[in-house]
Structure formats: C-alpha cells, structure tokens
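The sequence lines fix the lettering, A, B, ..., with proteins before strands; numbering per chain opens at 1.
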Amino acid sequence: MARGDLVAVALADDVGLGIVVVATGRSFTLACDAPSDVVAAIDAELRPRWVFWSIDTASMLVRHGVRVATCWDIAAVHRLLYGGWRADPARVWAVAHDLALDAMPTEAPFDLFHQELLAGDDPEDPVRPDGHLSPEWANGRWSRSVVRLGRWAELAAVVTLVQRARLVEIEDRPRAMLTARSESTAELLCAALAFDGLPMRRRVAEELIAAFVGPRPSNEVEAQAQRDDRDAAVLACVPGADDLDLRSPGQVKSLLRRVGIEVPDTRGWRLEGMRDAHPVVDALLVWRKAERVATTYGYAWLDAHLGADERLRGAWSGSDGSAGRMTASAGLHNMPADMRGAVIAESGHVFVRADLGQIEPRVLAVVSGDRALAAATQDDDLYAPIAQQLGADRPTAKVAVLGAMYGQTTGRGAHVAGRLEMAYPIAMKFLRDADRSAQGSRDLRTYGGRLINVGSTNANDVDEREMRRIAAARGRYGRNAMVQGAAAELFKMWAVLIRARSAVLGAQIVLCLHDEVLVHVRTEHGLTLAALVVDALDEAAHGWAPDRSVRFVADVSVVERWSDAKA
DNA sequence: TGCGGCTATTG
DNA sequence: CACAATAGCCGCAG
C-alpha cells in the first residue's frame, strides 16, 4: 500500500482525541483520548491522509497544537460532489447509501414514548435498522469509548471509499479526485487561519478609525454626540431638514428631492456623478463613508475580533454553498482598503503577498479549451492581445470579457460581443452552454467536479415576465459559477501547496482572499518564500491544467504592511 | 423578534 | 453596476 493511501481517522470532541488507523482492510484503534503528540508522530512518520468527518476535527487538532499535512475531509468532499453546504454525518451517510433524505431521523426527545419506539434499536450500533445513522451517534455518542470510537471510524472509512468511487465515476471530470484532495486540505488551512488570525496593530487601526469618526467615545452619550455631529454636517446643507434620518433610504430620498434631485434609489454609484448638483450630495457621500466605519469597521469591530495578541480572527469556511469560494467573517474578506495600513507584520517578520493576475479569463481559457484565448494568456496582460484581436481599446476589451463571464447583455461590453464571439468561439460557447443549462434549471459541474445546484422557479408563484427575469438571472449565475468555481479550485490548490512547501520555513498563511494570499514569515525567509510562492503556482497550475497551454501569473511582493503591496 | 430591502465593503 | 460574499440599520409583519 502506498504511503499516501494509509488511512487514519481522527475524531475529536470537547474532551479529547481518538485515532484509528485503517490499513489493508483491517482497522485497529490506537488510542482514545490520545495525546496530541501521538497524532503528530503518526503524521510525521507515516504521513497518512487523515480522514475527518469535518473541519471540527482539524480545528480540535490545531487547538491541541497539531498541524497534520493532509486529510480527506468528508464534509468538504460531500459539498464538492453534491453542491450546497449542509454536510453533517447523518446527511452524508444517507447520500452515500442512497437513502431518502426525508426519512432521515432527528434526535428523539428523551422521554418514555420515544424510548418505546426505539426499543428495537441497538444503542451500540450507529446504523439503525432502516440504514440511517443514529442521531445519538451523530451527535457524539462515539466519544470516550474505545469500542465505539473504532466503530465510528469504520463508518468514516466506509463513506470515504464511497466518495472516492463516486469521484472516479464522474464523467468528463478527470480532476475531481485531485480537487477533492485539495478541497480537503484547504479545510486544514481554514482551521489554521481561524486559529492564527491576521496580524493587525491595534494602535494603528485605532488611528485610522479616528481619522474617519474621531476618537473612541468613552460612553454611549459621547457616541451619540459624535453621531449627531456627523448627521448635522449633512442636514445643515438643506434648510428645514433637521429631523430627517440619514439612515433611512426613504428619508434620504426626500432630502434629495428638496434640492431638486429625483433618484430611484440613493446608492453611492448613482450619486457619484451628482456631486456638483448640490453640496448635500458630497456631504452625504462623505457621511456614508464615516458611517460605514463607525458601524461596521470601527472600535466595536476591533473589540469584537482583534485579540489581545493583535490578531484579527474570524470564522473561515473552505467553500461557500454555491461556486465554492472560501469565505471569512469578521471583515477579513471585505476590510476597507483604508484599514489595510494596520495589517502589519510582527517584529522580525514580513508578509509575502501574492495575487493571481487576471485569474478568471485565464481559468476560462483552461476550462473551455479555447486555444485562441489560451494564446492570449501568454501575455502578462491578456487584455492587450484580446484588444488587438477585437480591434478595440483595452478598457473596452476588458469590459467585454468580464461582461461575457458575468452575463452582461447591455452597455459597452455588449457592443463588441459579436467580435468576441468571432475571436473566441469556443470560450463563448462554453459560457453560453452554462447559461442555457442553468436557465433550464439543469445542474452544472465545474472543471474540478463541483456540483453547482441550480434552482428552479415555481410557475404558479410568478407571472411570465418575472419568470423570464429569474431564469435570466439563473443563467448569469450558472455562467459565472463555472468560471468563479474553477478559479476557486485552482486558488485552493495553490494555497495548500504554499502551506505544505513553506512549513519548513515556519511560515503562516494568514489570509486567503479569492485570488490573493498573505503569508507571514520571519524576515530572513522573505525572499525564499516569495520564490517558493511562484514555484507553487507553477506546480499547482501544471497539476490542474497539465497541457501548459494556459499561462498563469502572480504578482508577488515582500512587505511589512499589507497596504504597501497594492499594485 | 424575524425577515426582506437597501446600502456599503471586498474580490 | 453584470457574478460572489459578509454585515449593519430600517421598516414592516407577526
């Protein structure tokens, strides 16, 4: 048996850790409430692909100070195979055994009536007579017993085998097994990201916030006074508007109406061009910026998410429920650019920051197999050769390509859509096919094998016009999900390779942002790590798209502040 | 109190 | 201003 095929199941709950190693068809329990150094030793010596039911095990291991190299994350693979987000053991088990989901048992209230109903069940068997998993077991009955632990681990091994078989069976998706592995290992990365946090200097962050909303108020009265001052600056622009509430879109609309500005909504991009129409417009936009900082990225945000060790922590998910991008809470994925100046490497450390250039059109070239588009990716800036091909300027070419990937049908991009179709017919057909499938409520599967669940509309609920509008939106969603999803798969392969290769440098990935990665490392290893990150992209891209006809590029820099790197 | 709408931030 | 996400406040229904 190959080293990588050795399967070890790690299970963890609040009280401890258990391990079962499965080899050549026989399983034997190594330990229950095993010390974490046993896990670490097994990982170092045997390098198994650990099997986890979910990221919870990885998180538990990380909290115990153990970072294993690779894993098979049953929940992550389930999401890949079947789409959506729900992937608890009972559901995964049922799907793996083709059992009806609506017959899935829920945990019975502990009373005599249900005791009666369950009389035929064996509490020591996690599988009920109807084939479903016992909810009691799914909720932790396996813990603190060597025998039950072994039984629970066997089930995980069984599910793993079913999942592997189904990945192989997916027609026309040869990268599915590879994707399942990297999606699994990305869960280990997420567990570490949540634990480690993003270095952020509290004093600097507070200064940046103060620049927008003033010093930290010491009580609620002061906070209210600051709010009132901000509001007054806007309301003073319009006589008699003192009692209007700027936080209410309807009242903002009437505020604007008083100065002769009639708008269907008050979104920033709509008001942007009207700054000259009346002073209140500019005042309102400035107010909105400050209000955003005050409510979402202000002192309360720091207090809630920035630890005493000056690390910003949020919850990480290896894939969202649709196309499969990573998600993060606590503002880690939508922190205003102005706040990035506070993301500063710790003393004696630097960040290696890298982002993939123009990843979506390059990914489109791979997944569609369009040779003409692949040729364009040889350029550092692929929009340059595309513009030349279309006989248009670069901004127009870029808008057209992005519009095709998002499903835009109006505006400047649509103007050259015909020429885009002529120049890159394979890529355009790929997008159109995805659009059409999704419009018809047919599920899609990404290049790496992720199922994209496409909803449907009940014709009774809406009229014909609304029906078409929803179908069109579904088409745009499907079109984009095929590109965005594949890009997410490539990104995660890159990220987990960086994680694996940079472990010897003591490096820590501290942020993943769709096409960008931030790695924290001791200063003396900065340049080595930067080179490693570039090599990792080459390796990931080659494994993902072996024919090498599409070029991927990364912008890499070694910096002390995140904001120093913005290209 | 929960939820949809509006708004803003990011890729 | 199309695709995706998180997140806050308002207004309304229950």
Side-chain angles (χ1 to χ4, degrees), chain A residues 85 198 212 227 231 244-253 263-273 284-298 300-301 304-305 314-340 343 355-361 363-364 398-414 417 431 434-435 438 444 446 450 452 454 469 472-488 491 511-518 562-563 566-567:
Chain A
W85 203 82
L198 177 69
F212 283 100
R227 277 195 292 273
D231 296 2
L244 287 180
D245 183 359
L246 295 172
R247 293 159 191 82
S248 166
Q251 296 192 43
V252 171
K253 237 192 264 190
V263 281
D265 61 66
T266 71
R267 288 182 172 86
W269 63 265
R270 198 184 290 283
L271 299 179
E272 195 60 44
L284 177 65
L285 291 172
V286 170
W287 178 90
R288 284 254 172 92
K289 185 85 181 164
E291 182 72 4
R292 174 63 39 185
V293 172
T295 56
T296 308
Y297 303 106
W301 172 60
H305 305 294
W316 284 83
S317 162
S319 70
D320 58 35
S322 50
R325 295 215 294 197
M326 293 172 82
T327 65
S329 65
L332 288 158
H333 273 183
N334 46 8
M335 186 190 304
D338 295 312
M339 294 301 301
R340 295 182 178 190
V343 177
D355 74 281
L356 299 175
Q358 305 166 338
I359 182 177
E360 291 197 339
V363 160
L364 174 61
K398 181 176 176 178
V399 167
V401 171
L402 292 175
M405 289 188 297
Y406 291 147
Q408 186 184 28
T409 53
T410 57
R412 187 159 57 146
L431 294 169
D435 194 305
L444 296 162
T446 64
R450 180 178 300 277
I452 306 294
V454 178
R469 192 190 65 77
R474 214 161 46 217
R476 291 195 300 272
Y477 166 71
R479 174 189 285 258
N480 181 251
M482 292 294 278
V483 177
Q484 188 190 96
F491 176 81
L511 192 71
C512 290
L513 195 40
H514 309 315
D515 65 350
E516 179 176 5
V517 65
L518 201 60
W562 188 14
S563 56
K566 213 54 211 162

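Comparing B:dG11, C:dA2, B:dA8 by their nearest atom to the side chain of A:Q408 picks out C:dA2. With C:dC10, C:dT6, C:dC3 as the choices, the nucleotide that has an atom nearest any side-chain atom of A:R247 turns out to be C:dC10. Side-chain atoms of A:D245 lie closest to C:dC10 of the nucleotides C:dC10, B:dG11, B:dT7. Nearest to the side chain of A:R340, among C:dC1, C:dC3, B:dG11, sits B:dG11. Nearest nucleotide to the side chain of A:Y406, out of C:dC3, C:dA5, B:dC6: C:dC3. Candidate nucleotides C:dC3, B:dG11, C:dA7 were compared by shortest atom distance to the side chain of A:R476, and C:dC3 ranks first. Taking only side-chain atoms of A:Q484, from C-beta outward, the nucleotide of C:dG8, C:dC3, C:dA5 with the closest atom is C:dC3. Checking C:dC3, C:dC9, C:dA4 against every side-chain atom of A:D320, the shortest atom distance belongs to C:dA4.
Considering only heavy atoms from C-beta on, A:V252 comes within 4.5 Å of A:R288 through its side chain. Two residues are said to be in side-chain contact when any heavy atoms from C-beta on lie closer than 4.5 Å; A:M335 and A:V343 meet this criterion. A 4.5 Å side-chain heavy-atom check between A:T296 and A:W301 finds every atom pair outside the cut-off.
At a threshold of 4.0 angstrom between heavy atoms, the contacts of A:G268 are confined to the sugar-phosphate backbone, with no base atom among them. A:T409 comes within contact range of no nucleotide atom at all, as no heavy-atom separation falls under 4.0 Å. Across all strands shown, A:M335 has heavy atoms under 4.0 Å from sugar-phosphate atoms exclusively, and none from any base. Residue-level contact check: A:R270 touches neither bases nor backbone, having no heavy atom under 4.0 Å from any strand. Counting any heavy atom pair closer than 4.0 Å across all strands shown, A:A481 reaches no nucleic acid atom. At the heavy-atom level, A:R292 lies under 4.0 Å from base atoms of the strands shown.
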(request) Go through the steps for A:L518 and A:L513 under the test side chain to side chain contact (heavy atoms under 4.5 Å, CB included), then give the verdict. (result) CA-CA 8 Å; A:L518 201 60; A:L513 195 40; over 6 Å; no
(request) Please assess A:W562 against A:M339 for the test side chain to side chain contact (heavy atoms under 4.5 Å, CB included), listing each intermediate value before the final yes or no. (result) CA-CA 10 Å; A:W562 188 14; A:M339 294 301 301; over 6 Å; no
(message) Pair A:L431, A:Y406 - check side chain to side chain contact (heavy atoms under 4.5 Å, CB included), show working.
(response) CA-CA 9 Å; A:L431 294 169; A:Y406 291 147; over 6 Å; no
(message) Please determine whether side chain to side chain contact (heavy atoms under 4.5 Å, CB included) holds for the pair A:H514 and A:F491, giving the CA-CA distance in whole Å, both sets of side-chain angles, and the decisive distance to 0.1 Å.
(response) CA-CA 7 Å; A:H514 309 315; A:F491 176 81; over 6 Å; no
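Between A:S322 and C:dA5 there is a side-chain N or O to OP1 or OP2 distance below 4.0 Å. Residue A:K289 has a polar side-chain atom (N or O) positioned under 4.0 Å from OP1 or OP2 of B:dT9. Residue A:Q251 places at least one side-chain N or O closer than 4.0 Å to OP1 or OP2 of C:dG11. Under 4.0 angstrom from either OP1 or OP2 of C:dG11 there lies at least one side-chain N or O belonging to A:S248. Residue A:T296 places no side-chain N or O under 4.0 Å from the OP1 or OP2 atom of B:dT9. Contact annotation: A:R325 does not reach the phosphate of C:dA5 (side-chain N/O to OP1 or OP2, under 4.0 Å).
With rounding to whole Å, A:I452 atom CD1 is found 15 Å from C:dC3 atom P. Between A:W287 atom CH2 and C:dC9 atom P there is a gap of 11 Å when expressed in whole angstrom units. Between the CG atom of A:L402 and the C1' atom of B:dG11 there is a distance of 12 Å, given to the nearest Å. Atom C1' of nucleotide B:dA8 and atom CG of A:L271 are separated by 13 Å, given to the nearest angstrom. Rounded to whole Å, the distance from CG on A:L364 to C1' on C:dC3 is 14 Å. The distance from atom CE of A:M482 to atom C1' of C:dC3 is 15 Å, rounded to the nearest whole Å. When the P atom of B:dT10 is taken as reference, atom CG of A:D515 falls 14 Å away, rounded to whole Å. Rounded to an integer number of Å, the gap from A:D435 CG to C:dA2 P is 16 Å.
Residue A:E360 is the one, among A:E360 and A:S329, whose nearest nucleotide of DNA chain C lies closer to the 5' end (criterion: closest heavy atom).
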